[in-house]
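Presented below is the structure to which this report refers.
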Number of protein chains: 2
Amino acid sequence: MPVERKAGEGGGAVVGFRPLYRQVKERLVRRIAAGEWQAGRIIPSEFQIAAELSVSQGTVRKALDEMTAENLLVRRQGVGTFVASHDEDRILFQFFKLTRDDGGREFPDSQVLAVERARANAEEAARLSLARGSHVVRIHRLRSLGGAVAISEHIAVPAARFPDLERSEPVPNNLYGLYGGRYGVTVARATESLKAVPCPEADAALMGIAPGMPVLLIDRLATDLDGQEVEWRVSLCRTDRFHYLSDLK
Amino acid sequence: MPVERKAGEGGGAVVGFRPLYRQVKERLVRRIAAGEWQAGRIIPSEFQIAAELSVSQGTVRKALDEMTAENLLVRRQGVGTFVASHDEDRILFQFFKLTRDDGGREFPDSQVLAVERARANAEEAARLSLARGSHVVRIHRLRSLGGAVAISEHIAVPAARFPDLERSEPVPNNLYGLYGGRYGVTVARATESLKAVPCPEADAALMGIAPGMPVLLIDRLATDLDGQEVEWRVSLCRTDRFHYLSDLK
DNA sequence: TAGTGGTCTAGACCACGAA
DNA sequence: TCGTGGTCTAGACCACTAT
């Protein structure tokens, strides 16, 4: 692998130092981002990658280690290394934090109420870093846990990255799986901001609770491998029989 | 380092396999738990530890890597490796998730309203895994962010692990620092369970908000290096000007 | 300049899963 | 049985910090 720069060479001041394994890592991440390595598929062995990039196997391993720690890859001893996919387990434990009070974790059902394509309003454009006049696809759905409606969810994504999403029939329950599988868009990270708010009348009616009852408002911004905003999602959650689980380590 | 067991030896069925670096890690964690290595202090170099345990430096490094990833250690290149302490930054970014809506992060002030020692009630005993009749120390305090009261907080800890805590004058703002510094109790992890609830009258009066207003209830159970419950804390948080930040990776 | 952690390499062997 | 990832070692050199 052609090393980008080396300290002590060239005589110029060394602005920074980028370890070889990080250069390797970036190239491999780019392969996933470009769709060259697809979600769920196996990638070449450590030795194959090392040979291809003219780098030692240990260096490749360190790159893969970091990518595994970031949930981009999944290793299976004796089998190989795979590109992480947004299967039910990953969504459930990595991206879905609402849990039944009795402790049972399950993936919520979805009932889609509306899907539309429209020009982004000011807030959507700002949150998704879109140019004026860009379009978004909006989805409104209800989600149930243990048979009871628990969440009223409004979603907005850039229409340009998800062509014809509004014509999907039906909209699948696992949206991140769709983003990856059909559009090659990998949701790598998300930031959630939580508030307790009085439930608006419309959502209260849909969820079968009294208007004004305290609900948990989750404002989530999801980004792809390049840090680009991919989805803005606002979820109103009942927390009378559910709670949001957060582990601090 | 005496290796615990080795696969293929002794003829018996190999129940499990514990890598050497994990055995090293456990011994080192125990040193922190026992107070042999104190919070904020430097630990011996990788080569010194390796020599002492008759293990290669690479194996020690892997153990230290994991401990660093778990926020038990902090490495400083060119200087050495240190036992992590609950300083302001760590509390702020690892254990305190409430943020001003304008994005500014700060460590909250505290105003202690009450400290008492008493027999644990049923719920405290259950949450802290205490025997019947055990004592707890309870602390009730208000916490402010940006000059405004934001949190009403009830804390319970096992009195046995924190002797004379109720006679501390004053109770410091950074409790986890006190737990570690004075009592040698390291808070390693915490689990938070969040709900939106109507604010009880008493807390509403203290926080200067209308009773019944939705507030965020954070139920936190903190555990030490051995997984033992160390503190149960229930915080009621205003979220009209603040929000709880959660990063999903 | 000395000492620490950080990177990179190379090779040996082990545990695991699939064929 | 084979190929994969996982562990362990050993040694060289680099970057960073304190003195």
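Any value given below was found using the heavy atoms of this structure, including those in side chains, with hydrogens, waters and symmetry copies removed. From a predicted model like this one, the values you see are computed outputs, not experimental measurements.
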Nearest to the side chain of [X], heavy atoms from C-beta on, is which of [options]?
| X | options | value |
| --- | --- | --- |
| B:Thr81 | C:dT9, C:dT7, C:dG5 | C:dG5 |
| B:Ser56 | C:dT7, C:dG6, D:dA10 | D:dA10 |
| B:Thr59 | D:dT7, D:dT9, C:dT4 | D:dT9 |
| A:Arg76 | C:dA18, D:dT7, C:dT4 | C:dA18 |
| B:Val79 | D:dT7, D:dA18, C:dG5 | D:dA18 |
| A:Ser45 | C:dT9, D:dT7, D:dG5 | D:dG5 |

Walking DNA chain D from its 5' end, the first of B:Gln77 and B:Pro19 to be reached, judged by nearest nucleotide, is B:Pro19
Tell me which of B:Gly58 and A:Leu64 sits closer to the 5' end of DNA chain D, going by the nucleotide each one is nearest to.
A:Leu64
Base, sugar-phosphate, or nothing: which does A:Phe47 touch, judged by heavy atoms less than 4.0 Å apart?
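Touches nothing.
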Pick base, sugar-phosphate or nothing for A:Glu46, based on heavy-atom distances below 4.0 Å to the nucleic acid.
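Sugar-phosphate contact only - A:Glu46 comes under 4.0 Å of backbone atoms but never of a base.
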Atom [atom1] of [X] and atom [atom2] of [N]: how far apart are they, to the nearest Å?
| X | N | atom1 | atom2 | answer |
| --- | --- | --- | --- | --- |
| B:Leu73 | C:dT4 | CG | P | 16 Å |
| B:Phe17 | D:dC8 | CZ | C1' | 9 Å |
| B:Phe82 | C:dT4 | CZ | C1' | 10 Å |
| A:Gln23 | C:dT7 | CD | P | 12 Å |
| B:Leu53 | D:dC8 | CG | P | 13 Å |

Electrostatic pair B:Arg127-B:Asp219, nearest N-O below 4.0 angstrom
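Salt bridge: yes.
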Could you tell me whether A:Arg161 and A:Glu231 make a salt bridge, using a distance below 4.0 angstrom between a side-chain N and a carboxylate O?
no
Within the 3.5 Å criterion, strictly below it, is a donor on A:Tyr244 or B:Ser246 matched to an acceptor on the partner's side chain?
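Yes, because at least one side-chain N or O of A:Tyr244 sits under 3.5 Å from a partner of the opposite role on B:Ser246.
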Looking only at N and O atoms, is any donor in the side chain of B:Arg61 or the base of C:dG6 less than 3.5 Å from an acceptor on the other one?
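Side chain to base: pair present.
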Row check, A:Phe82 ring normal vs A:Arg41 NZ/CZ: under 6.0 Å, within 45°
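Here A:Arg41 fails the 6.0 Å and 45° test against A:Phe82.
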Looking only at side-chain N and O atoms, does B:Lys62 come under 4.0 Å of OP1 or OP2 in D:dC8?
no
Determine whether the aromatic ring centres of residues B:His86 and B:Tyr179 are separated by less than 6.0 angstrom.
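No, too far apart.
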